[in-house]
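As the structure is a computational prediction, the values presented were derived from the model and not from experiment.
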Amino acid sequence: TLADWMERNIFAIRLLAAVVGDPAELPRMAEVLEEGSLMDHIGQLMNFSGLTDVQREILRCMSLMPSSETPAEVVKWFAFPSAELDTLLKKGWLNRNGNADSLILHDLVREYCNQEDPSPYVLETFLKGVLGKGVNQGVDISATFKGKILELQLQAIALMEEFCDSPEDLAQAYTNVGKTYGTLGDHAKALEYHLKDLTICEKMLPSDHLDLAVSYCNVGMTYGALGDHVKALNYQLKDLAICEKALSDDDPNLATAYNNVGMTYGALGEYVKALEYQLKGLAICEKVLLSDHPDVAVSYSNVGMTYVALGNYEKALEYQRKGLAIREKVLPIDHPDLAVSYNNMGKTYGALGDHIKALEYMLKDLVISERVLPSNHPNLATSYNNVGTTYSALGDHAKALEYQLKGLAIREKVLAPNHPALATSYNDMGMTYDALGNHAKALEYLFKGLAIRERALPSYHPDIARSFAN
């Protein structure tokens, strides 16, 4: 029926009532609409003339979005005047999804708005909005919507590469596309765009410019995600050198730079050095940020994991609990950073030998990761593998293998063949096969893991020693 087609939307119900008038007339609706174009009828009812230019531009931009429901975080990119948005909401042109605080443009309004080509001004506003931000990992947007945003960003990039005369704008666009690829788990593609940004920045900026430091940081973080921690450290140290020179001693951005260097040293197996930098970052965060600031939670979490690597599990648990308390207080229940804290708590309890508690937290991590990450995201693979490893520690090796195979399937698909995370999967699966009595299969996987670690990690890295021992 027409009512079903229009769905239970306040605007649609008002539109239906205006057209039909008397509900008894509903059966004649199809006949009425056949007398002229549906869009003509809707256009007469909508009366765009009663809207301001800005309000019409808002509706046109919203109609160009990849779906009728636009997350609040994305709406912010366009910097629409709040008063104009409020007016559109009050008049029923837009509706708000109360749960997600996103804005909904009904399909009928959307279709009508798309009947005419948008003006150059609207297109410029839309493209700047789409390219104005990268879709970060923690933004509450579905993976499907992120993918659609990426499609729009790539179309806009193609136009900018051909017509844009501002290297600064193009560099920023490259950065934001890189961020979007990163949050979708495609770190190789993310690196491609971050390097494009860096190339422009190195040409046009002074060697101690903070924007150049940001570019170094993005490239370094992406190399880290790709498992090339030596290259990652090179860029993170360049970022830190600029930050130490250009920022005050208590600047939160300096804390971030210290933390990033610390994480990379940790990935290289230099845990004492990692802790040194992470504690520097934490000291700044505790000094200048609110006690429940998400960046404080990041620092607590990272320090905690380094204490795990150093074998100080009680200290590790102390910091992990602090980080988790903040994230549970300030983040949505399905935020990826909350999943990270659950994962870290699980690892810490596992190191303490409390594998039942470890599994509890690992499964909390997995529930969030399955809900918010693409099905081939590397972080989802990590969650599967960690759950599997915990089941193995509990003696349920068949269940362990089930989860480890899920993680391995993702990693083999999306990671480089010499990525350390892939070595972790091979090593863990080797140990599980060994526990199941399939020693030939176990040795096959353990050798695969060792080969990667010898290629990808420094000779002194503890993981190489673990592979030899296994």
Expected output: side-chain Ser301 to main-chain Ala297 donor-acceptor under 3.5 Å:
no

Donor-acceptor pair between Tyr307 and Glu314 side chains, under 3.5 angstrom:
no

Does the side chain to side chain donor-acceptor pair (under 3.5 Å) test come out yes or no for Asp428 and Asn385, once each step is laid out?
CA-CA 8 Å; Asp428 293 346; Asn385 191 70; 2.8 Å; yes

I would like to know whether Lys347 and Gln320 meet side chain to side chain contact (heavy atoms under 4.5 Å, CB included); could you show each step before the answer?
CA-CA 10 Å; Lys347 285 184 177 179; Gln320 294 297 354; over 6 Å; no

Take Lys179 and Tyr193 through the test side chain to side chain contact (heavy atoms under 4.5 Å, CB included) and record every step on the way to the result.
CA-CA 9 Å; Lys179 287 181 179 179; Tyr193 282 91; over 6 Å; no

Would you please classify the geometry between the Tyr445 ring and the Tyr433 ring as parallel, tilted or perpendicular, with 30° and 60° separating the classes?
parallel

Using the ring of each side chain (for Trp, its six-membered ring), is Tyr265 parallel, tilted or perpendicular to Tyr277, with breaks at 30° and 60°?
parallel

Minimal heavy-atom distance between Ala456 and Pro420, with the atoms involved, is CB-CG, 4.2 Å

Considering non-hydrogen atoms only, spot the tightest contact between Ser291 and Val296 and give its length.
O-CG1, 4.2 Å

Taking side-chain contact (heavy atoms from CB on, under 4.5 Å) as the criterion, tell me which of Leu380, Thr424, Asn376 meets it with Arg411.
Thr424

With heavy-atom distances below 4.5 Å as the criterion, would you say the side chains of Leu184 and Leu373 are in contact?
no

For Asp295 and Cys285, the nearest pair of non-hydrogen atoms, with its separation, is O-SG, 4.2 Å

Can you tell me if His419 uses its side chain to pair, donor with acceptor, with the backbone of Ala225 under 3.5 Å?
yes

Which atom pair, heavy atoms only, marks the closest approach of Ala190 to Gly178?
CB-O, 3.3 Å

Donor-acceptor pair, distance only, cut-off 3.5 Å: does the side chain of Asp239 make one with the backbone of Tyr235?
no

Verify side chain to side chain contact (heavy atoms under 4.5 Å, CB included) between Val308 and Asn344, making sure each step is shown before the conclusion.
CA-CA 9 Å; Val308 169; Asn344 293 346; over 6 Å; no

Look at the side chain of His355 and the backbone N and O of Leu394, then say whether any donor-acceptor pair between them is shorter than 3.5 Å.
no

How many angstroms lie between CE in Met305 and CG in Asn343, if you round to the nearest 0.5 Å?
7.0 Å

Just to verify, which of Leu331, Leu324, Val298 counts as forming a side-chain contact (heavy atoms from CB on, under 4.5 Å) with Ser341?
Leu324

Run the side chain to side chain contact (heavy atoms under 4.5 Å, CB included) check on Met345 and Thr348 step by step: do they pass?
CA-CA 5 Å; Met345 287 285 289; Thr348 307; 5.7 Å; no

Within a strict 4.5 Å, meaning less than it, do heavy atoms of the Leu88 and Leu103 side chains meet?
no

Smallest heavy-atom separation, Leu457 atom then Ala267 atom, equals CD2-O, 4.5 Å

Spacing of Gln172 atom CD and Asn176 atom CG [to the nearest 0.5 Å]
4.5 Å

Derivation and outcome, salt bridge (Lys or Arg N to Asp or Glu O under 4.0 Å), residues Lys399 and Glu402
CA-CA 5 Å; Lys399 202 151 194 174; Glu402 173 190 338; 5.9 Å; no

For a 4.5 angstrom cut-off between non-hydrogen side-chain atoms, does Arg466 reach Asn427?
no

Validation row: Met431, Leu446 side chains within 4.5 angstrom (heavy atoms)
yes

Looking at CG of Asn438 and NE2 of His397, how far apart are the two atoms once the value is rounded to the nearest 0.5 Å?
13.0 Å

Is the Tyr349 ring parallel, tilted or perpendicular to the Tyr361 ring (thresholds 30°, 60°)?
parallel

Would you find more than 12 non-hydrogen atoms of other residues, nucleotides or ligands less than 6.0 Å from Lys322 atom NZ?
yes

His377 side-chain N/O to Glu370 backbone N/O, donor-acceptor pair under 3.5 Å
no

Out of curiosity, Leu359 CG to Asn386 CG, how far, rounded to the nearest 0.5 Å?
11.0 Å

Within the side chain of Arg453, is there an N or O that forms a donor-acceptor pair under 3.5 Å with the backbone of Asp463?
yes

Of all the heavy-atom pairs spanning Pro252 and Val288, show the shortest one and how long it is.
CG-CG2, 3.8 Å

What's the separation between atom OG1 in Thr389 and atom CD in Gln404, rounded to the nearest 0.5 Å?
4.5 Å

Check whether any side-chain heavy atom of Ile284 sits under 4.5 Å from a side-chain heavy atom of Asp251, and report yes or no.
no

Is a side-chain donor or acceptor of His194 paired with a backbone partner of Gly220 at a separation under 3.5 angstrom?
no

Examine distances only and state if a side-chain atom of Thr264 and a backbone atom of Asn260 form a donor-acceptor pair shorter than 3.5 Å.
yes

Side chains of Asp354 and Ile356: closer than 4.5 Å at any heavy-atom pair?
yes

Answer yes or no: is there a side-chain heavy-atom contact under 4.5 Å between Glu412 and Leu422?
yes

Answer yes or no: is there a side-chain heavy-atom contact under 4.5 Å between Glu244 and Leu254?
yes

Measure the spacing between CG of Asp197 and CD of Glu192 and express it to the nearest 0.5 Å.
13.0 Å

